[in-house]
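Read through the structure below, which is laid out as structure tokens, and then see the notes.
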Amino acid sequence: MKLTLDILAQQEADLQLEQFNHETAWALGSLLKANAEAKQACVAIEVYAFGQTLFSYAMPETNPDHQDWIRRKRNSVLRFGKSSYYLGQYNARKQREFESQHHIDARDYCAHGGSFPLRIKGCGLVGAVTVSGLPQEEDHQLVTDALQHILQSRQGN
């Protein structure tokens with residue numbers, strides 16, 4: 001399924017948590033690690049909220065570049081309040097490159113899929129969950145699948 005801007009925006013509306021804390025960050029990060037291992041994927045993972053990294057893991061065969069991609073993707077989500085994949089797709093639709101805009105420093109921001117806003121319902125943006133190491137659509141899907149699972153497990157489904 002092609003992820004259109006409408007679908008990406010709907011994911012952001014739907015994948016909001018009732019609450020988020022250090023235990024939720026650990027559960028989300030651990031689930032991402034387990035799901036990546038099940039796919040035999042080598043990724044770096046970060047769950048960042050409330051101004052600090054709450055979970056970080058770099059699988060074997062990743063390298064420091066993955067951490068830099070995570071930082072840049074996260075910065076984009078925190079600044080613009082949209083998933084990094086949405087930002088890339090939105091700018092592609094406008095026939096421009098996100099990183100080449102005059103107000104964007106490509107050393108600190110990027111619009112490649114894999115970082116998703118962490119929102120608490122009724123509260124707003126509190127952080128970002130980010131994966132780096134797969135093609136951007138797969139990074140994005142890994143994150144949204146894990147968030148969906150966390151939401152369903154908290155609802156008892």
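The analysis underlying the following values was restricted to heavy atoms, covering all of them including side chains, and did not include hydrogens, waters or symmetry mates.
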**Request:** Would you check, one step at a time, whether the test ring pair (Phe, Tyr, Trp, His ring centres under 6.0 Å) holds for F80 with F98?
**Result:** CA-CA 12 Å; F80 297 101; F98 174 82; 5.6 Å; yes

**Asked** Hey, does L28 have a side-chain heavy atom less than 4.5 Å from the side chain of L118?
**Response** yes

**Asked** Within a strict 4.5 Å, meaning less than it, do heavy atoms of the E138 and P135 side chains meet?
**Response** yes

**Item:** Side-chain heavy-atom pair Y48, R71 within 4.5 angstrom cut-off
**Value:** no

**Residue pair T53 / V47, side-chain heavy-atom distance below 4.5 Å** = no

**Request:** State whether a side-chain donor-acceptor pair under 3.5 Å links S115 with S84.
**Result:** no

**Asked** Are V77 and N75 side-chain neighbours, meaning at least one heavy-atom pair lies under 4.5 Å?
**Response** no

**Prompt:** NE2/H66 to CG/D139 distance, rounded to the nearest 0.5 angstrom?
**Reply:** 8.5 Å

**Message:** Under 3.5 Å, is there a donor on one side chain and an acceptor on the other for N91 and E99?
**Reply:** no

**Message:** Quick one about E12 and S83 (side-chain donor to acceptor, distance below 3.5 Å, no hydrogens or angles considered), yes or no?
**Reply:** yes

**Request:** May I ask you to test the F50-V126 pair for a side-chain heavy-atom distance under 4.5 Å?
**Result:** yes

**Asked** Does a side-chain heavy-atom distance below 4.5 Å link C123 with F20?
**Response** no

